[in-house]
Number of protein chains: 4
Amino acid sequence: MSEHDAPAKPAKSARPHTGRRRNEAARRAILDAALRLLADADGAPVTVETIAREAGVGKQTLYRWWPSKGAVLLDALTDRAEQDVPAPDTGSLRDDLRAVVAATFEGASAPPTAPALRTLAREAARDPHLADLMREFTGARRAALREVLERGRERGELPKGRDLDLMVDQVYGVFWYRFLLGHAPLDERTATDLADSLVR
Amino acid sequence: MSEHDAPAKPAKSARPHTGRRRNEAARRAILDAALRLLADADGAPVTVETIAREAGVGKQTLYRWWPSKGAVLLDALTDRAEQDVPAPDTGSLRDDLRAVVAATFEGASAPPTAPALRTLAREAARDPHLADLMREFTGARRAALREVLERGRERGELPKGRDLDLMVDQVYGVFWYRFLLGHAPLDERTATDLADSLVR
Amino acid sequence: MSEHDAPAKPAKSARPHTGRRRNEAARRAILDAALRLLADADGAPVTVETIAREAGVGKQTLYRWWPSKGAVLLDALTDRAEQDVPAPDTGSLRDDLRAVVAATFEGASAPPTAPALRTLAREAARDPHLADLMREFTGARRAALREVLERGRERGELPKGRDLDLMVDQVYGVFWYRFLLGHAPLDERTATDLADSLVR
Amino acid sequence: MSEHDAPAKPAKSARPHTGRRRNEAARRAILDAALRLLADADGAPVTVETIAREAGVGKQTLYRWWPSKGAVLLDALTDRAEQDVPAPDTGSLRDDLRAVVAATFEGASAPPTAPALRTLAREAARDPHLADLMREFTGARRAALREVLERGRERGELPKGRDLDLMVDQVYGVFWYRFLLGHAPLDERTATDLADSLVR
DNA sequence: ATTTAATCGAGACGGTACGTCATGTCTTCGG
DNA sequence: CCGAAGACATGACGTACCGTCTCGATTAAAT
């Protein structure tokens, strides 16, 4: 996820690489600065210029490695939250579901992540490139949740006919809808209710 | 891209301005132009400048009557789709719900509305003012749906403990989530499944 | 010289002008700021951004009225030094010539003008647009000097065969050559010697 | 514009790099490329990047051997036109002068040199380093011409009081002034007239 | 019938951010 | 250790929109 399609392209056979290598420190500085700004400015602009200055980096370096500002932001976010797609397997669908939903709600509501995620969504709205990346990102999340549901169905905890994709979207739909509009809470109670409403 | 110098039929002659009273023709021209651009440019910018030019109107006229570009866009959209909040009352919660959900899905997927709504959501992401308006707009929709649910509960079709707000958000959450990401259909089948999953 | 071709363009008959008029204060502020920077920074960059900031003006305003940074600089310089093309008429070619050359040398060496003129020449080297303007500007100067010479020739102070254009270029050639390279002085003594060498 | 992706025959194969010793072939390739670009792009930018690419050379190789881009350009030009400072000695000042001036005019007007020289002057305007080199270069030319004049004065062809430096600058002043502005010719007729006007 | 005042189209204004370009330095690798 | 490749920090460039602010012309209501 850290790049987009870094791999392969062996091409020119004999010359695997020439020239100075990518500066890992600069990459980190950029992602850190991006995350910091994303978190600090709750919904505020977050300009490319600011990220670059904050990271002590030239704008060009940023544009060299990421196709758009949004890509940096998403990268910054996922790079940190890489592993936290839980997908537990307790043997009970209800429990698994409650855990996943609660973790999703809580993870996204925690102080560093929430504003960052919000800003990210805002940026994705006008940056088609970032929108694609977001689609990819959310796709991964959906897939993880779907697996939990499939396990439950195999255990017979769900009727064969249930539309699993719809169930997944009910979870993430509620999450994003409330997260972005902010008209209702995303607390543990809600998580439990939501999970229960699905496995009824 | 349909922007910079579209044929731009400003209809100059047919709409003299009035003085003293608000010029209704200008208002219509603006809303029409906004809707047209909103629909044409699926996700494209839609600048204030463009709306004004397309409507054959000065920017100030626009800012005189709407507090922000977003307000115009939302106005343009709702002005047309004012009445279509159905809220039927068949006596059966399941049937009412199926109808509302299906109507929501279908109404938003129809050619003129879908791109407009999508663009609107995109604009709302960066325009706090429009975001507020959207909150209001979606609030009205939620209230309408909630009424349907309340009627059902009063008829005993729902247990007392059910969180009606959560049910409402499951409907609109799924709708917006799929509508904006576009990873899964918003067809009649889905509408029925979703409605049924709630009144199980 | 202040613009480029502001006049005329009656065109559309009935509507001589619409929209806000050009802000003369902004124009002055820009020219003043440009001249100040031109003078202060002897050869230093003088960026568009700086001029705009110094003048308290948006960059766009600058680009709206001048086709290039260089145009602003030249305008700033000529706008102030408009009238000082002397072209005296004492009745004696030698005296006229001495006066013109000395005035040219002195005018360009005076503290506010010299650095500005130097910067201008530097900018003209990379800005084709400004180069054109400079050609125009120097052309006017040459024409003025040529008139002095023509008067002298008519009085019989110069043989019919003398190439007046060459004489003019000897004056301005020496001036610019020394002015830009700075290897030799442009003092009154030199002015006299140069004038005398031409009317020998 | 002959820049971004010109056919760019880097002549990759024919010039393997050496290691340890300075690669004379690289030096030649750089000077040749510089001269070619200098001549081709009459007034166009001529970036370091372009020279390097055109020469099939890394930028660093360039900066290792020359202190600035301008140094390369000047080197490229003089390297070729090294010897043509004529300084003839016919015994007649008028004839010597006519020869030098005509040679200067003609040498600089020849197709390969003129655009290169023009670009060089343009670059010198913004590159202080190159400006210094140009000062040196022109200084040498002036010295050569001054010698011719001194010989003439010793032969009594010039009065003791004449300011030789001024005479020199009249020649080179006219040359550069016309060369850079291009408002009048630098032909043989002009050369003769100019020489004659000095020894009158 | 005049005045008055708000409307209209047009468009200039001060800003902010954008994405690109060139410079000169630096780092890496193969020969 | 040279040379090609190319990443890096810097900083100016010219463009796009934003929302505000004049303009002169138009026109309905108040005098």
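So that the names make sense, note that chain A is the first sequence line, chain B the second, and so on, each numbered from 1.
Side-chain atoms of B:Lys59 stay outside donor-acceptor range of the base of E:dG9, with no qualifying N/O pair under 3.5 Å. For D:Arg64 against F:dG3, a side-chain N or O and a base N or O form a donor-acceptor pair under 3.5 Å. On a pure distance criterion of 3.5 Å, a polar donor-acceptor pair joins the side chain of A:Arg20 and the base of E:dC26.
Atom-to-atom, CD of C:Glu123 to P of F:dC13 comes out at 8 Å; the value is rounded to the nearest Å. When the P atom of F:dA7 is taken as reference, atom CD1 of A:Ile30 falls 13 Å away, rounded to whole Å. Rounded to a whole Å, the CH2 atom of B:Trp65 is 17 Å from the C1' atom of F:dT20. When the P atom of F:dC2 is taken as reference, atom CZ of D:Arg27 falls 17 Å away, rounded to whole Å. We find that CZ of D:Arg122 is positioned 18 Å from C1' of E:dA22, with the value rounded to whole Å. In this structure, B:Ile51 places its CD1 atom 14 Å from P of E:dG9, rounding to the nearest Å. Between the CG atom of B:Leu62 and the P atom of E:dT7 there is a distance of 14 Å, given to the nearest Å. The distance from atom CG of B:Leu130 to atom P of F:dG19 is 11 Å, rounded to the nearest whole Å.
Between E:dT23, F:dG19, E:dG9, one nucleotide has an atom nearer to the side chain of B:Tyr63 than all others, and that is F:dG19. Of the listed nucleotides (E:dG19, E:dG9, F:dA9), E:dG9 has the atom at the smallest distance from the side chain of B:Ala26. Each of F:dC18, E:dT7, E:dC13 was ranked by its minimum atom distance to the side chain of B:Lys69; first place goes to F:dC18.
A side-chain contact (heavy atoms from CB on, under 4.5 Å) with D:Leu37 is found for exactly one of D:Leu73, D:Thr119, D:Ile51, namely D:Ile51.
A cation-pi arrangement, defined by a distance under 6.0 Å to the six-membered ring centre and an angle within 45 degrees of its axis, is absent between C:Arg28 and C:Trp65.
B:Lys69 is not listed as a side-chain neighbour of B:Leu130, based on a closest heavy-atom distance of 4.5 Å or more. Proximity of D:Trp66 to D:Leu31: side-chain heavy atoms (C-beta onward) are separated by under 4.5 Å at one or more points.
Nearer the 5' end of DNA chain E, as judged by each residue's closest nucleotide, is the contact made by A:Thr47, out of D:Gln60 and A:Thr47. Remark on DNA chain F: of its neighbouring residues B:Ser68 and C:Gly19, the 5'-side contact belongs to B:Ser68, judged by nearest-heavy-atom nucleotide. Heavy-atom distances to DNA chain F give each of C:Glu49 and A:Val57 a nearest nucleotide, and the one nearer the 5′ end belongs to A:Val57.
No donor-acceptor distance shorter than 3.5 angstrom exists from the side chain of C:Thr50 to the backbone of C:Val46, with no hydrogens or angles considered.
Residue C:Arg21 has a polar side-chain atom (N or O) positioned under 4.0 Å from OP1 or OP2 of F:dG24. Applying the 4.0 Å criterion to OP1 and OP2 of E:dG9, one finds that B:Thr61 has a side-chain N or O inside that range.
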